[in-house]
Amino acid sequence: KDSDFCSIVVFGASGDLAYKKTFPALFGLFKNEFLPPQIQIIGYARSKMAHDDFIQRVTQKIKAESDEDKAAFKKFVGLLSYVQGKYDEADSYKNLAKAIAKNEKTGQISRIFYMAIPPSVFTDAANNIKAHCYLKDAKAENRLVVEKPFGKDSESSRALAQDLAKNWSEEEIYRIDHYLGKEMVKNLMVLRFANVLFGAVWHRHYIHNVQISFKEKFGTEGRGGYFDEFGILRDVMQNHMMQILCHFAMERPSSLSASDIHDEKVKVLRAISPLRQDDVLLGQYTAGTVDGQSQPGYLDDDGVPNDSQTPTFAAAAFHIHNERWEGVPFILRAGKALNETKTEIRVQFADVAGNIFPCANGKKAPARNELVIRVQPKEAVYMKFMNKKPGLSQEAVETELDLNYDSRYADVKIPDAYEALLLDVMRGDHANFVRNDELKAAWAIFTPLLHQIDRGEIKPAKYAFGSRGPDGLDAFVERHGFLRSTSY
Ligand code: BG6
């Protein structure tokens, strides 16, 4: 719903997320005139900062090169202000409340509280905001936007949810999983439900296995302290990658409403059995050499204990026990300090039965069809399929049908995930946020295994910085069905 005046308060304004993502996204929206005309943006954090230092800090990643952008940037900066305060002290919030109210006009008002703060101060902040900064006027809207981590396992996540629920309704809470704001993740529903071509084969009868990969070619780089408490399964797999899996696997929602979409996602998650030790391969990176440059190992990162057994890589096979997916392995793999940065979904279709064609390299059967949806970098959808080798041969050879966003949508700037999500918050649309029961179902899949890892019962294998991952990866994915011999 449009409001007459909107106040956005960014908690954790001196942190990384704020200057890397939140403020650039707000500027992107402002520049394209998506922010309400009457708005103020307040940064809040513990650090003492002069106004100019605050502006400098939160806008350091914003690029404004054209004259138009420079003019927009100047106006944008005019909307920003900073309030210093503590997270656990009522007076700080009273002070903040005054600062918010000072510029607000009368009419329909909305307040968006965006929490990019550490879990240790989370509950204090949420309670204090409710006590001191919340507008009780029936016409007003209050929204609490929260960033992960949403706990570390089922129990801590439930406790956090209960704490939040004391003061905030589910309607008011927006749990961010920024992968839900990514163009290609949002595209999954369109590909499936607006194309009979894909919709018809989205089924265990035609799909042999699905691989979802998340690879980064950089290590933890100074985030070791945070990362070591969480590890790759909690950092990206339980959240970002499971969201991709849900959008891939869920049944068609009755509509695009948030509750219809969430209902379908929860059903998928509840049909997945908890991960067992046999279903995973864990790794931790060691020092390596990339392009002639030596790169540090995970244990060299400040904040990481020398004997840490935290995985920085994980491959895991998931099984969805329902009519559509029984027997189709979903192989997810995620890792830091690998050979490339890429997130993609690779669908491998079933083998063709009764082949009659000669195939390339003397193979007895056509290669399996594959559909690849590349989330990043360079969004793309392509299909690998068999085609007659042009010319006088009857040979079947593999080729590609290719939709590359760079060339097909050259004029379109794909918005950053945070732009898309912040706009959704302002519009009051929950569809691309995580509902509490979803979170609960996702943690249930991971918690027993995470506890085993935490107790040191499963140790990660080593892999070198810049490699494809630990030895045994190919054998692992083959064992779980990927690229099993296609000859028969
Ligand atoms: C974050 C993780 O949630 O997602 C990071 O904490 C990870 O470890 C990041 O690097 C990846 O996001 P993106 O949008 O850069 O792919």
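Just follow the structure's listing: the first ligand is 1, and inside any ligand the first atom is 1.
Residue F227 does not touch ligand 1, judged by heavy-atom distances below 4.0 Å.
Of all protein heavy atoms, the one lying nearest to atom 1 (C) of ligand 1 is H240 NE2, 3.6 Å. In this structure, the protein non-hydrogen atom closest to atom 7 (C) of ligand 1 is E216 OE2, 3.4 Å. Protein heavy atom nearest atom 16 (O) of ligand 1, with residue, atom name and distance: Y179 OH, 2.5 Å. With hydrogens left out, the protein atom closest to atom 12 (O) of ligand 1 is H178 NE2, 3.0 Å, a heavy atom.
Here the rule is salt bridge (charged side-chain N to carboxylate O under 4.0 Å, His left out) with E229, and of R223, R234, K152 only K152 fits it.
By the 4.0 Å N-to-carboxylate-O rule, K217 lies too far from E340 to be salt-bridged with it. Here D69 does not pair with K63 in a salt bridge; the nearest charged N to carboxylate O distance is not below 4.0 Å.
By the 4.5 Å heavy-atom criterion applied to side chains, I345 and V210 are counted as neighbours. The closest side-chain heavy-atom distance from Y382 to N404 is not below 4.5 Å.
Listed by number with element, the atoms of ligand 1 under 4.0 angstrom from any heavy atom of Q376 are 13 (P), 16 (O). Applying the 4.0 Å criterion to heavy atoms of K148 picks out, from ligand 1, the atoms 1 (C), 2 (C), 3 (O), 6 (O). Every atom of ligand 1 with a heavy atom of K182 under 4.0 Å away is listed here by number and element: 13 (P), 14 (O), 16 (O). Listed by number with element, the atoms of ligand 1 under 4.0 angstrom from any heavy atom of K336 are 5 (C), 7 (C), 8 (O), 10 (O). Ligand 1 places these atoms under 4.0 Å from at least one heavy atom of D235: 2 (C), 5 (C), 6 (O), 8 (O).
Between F76 and F23, the gap from one ring centroid to the other reaches at least 6.0 Å.
Annotation: K21 places no N or O atom under 3.5 Å from an N or O atom of ligand 1; distance criterion only.
At most 12 heavy atoms of other shown residues, nucleotides or ligands fall within 6.0 angstrom of atom CZ in F34.
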Legend entry - Check against ring pair (Phe, Tyr, Trp, His ring centres under 6.0 Å), F318 and F446: CA-CA 11 Å; F318 296 82; F446 286 83; 5.7 Å; yes
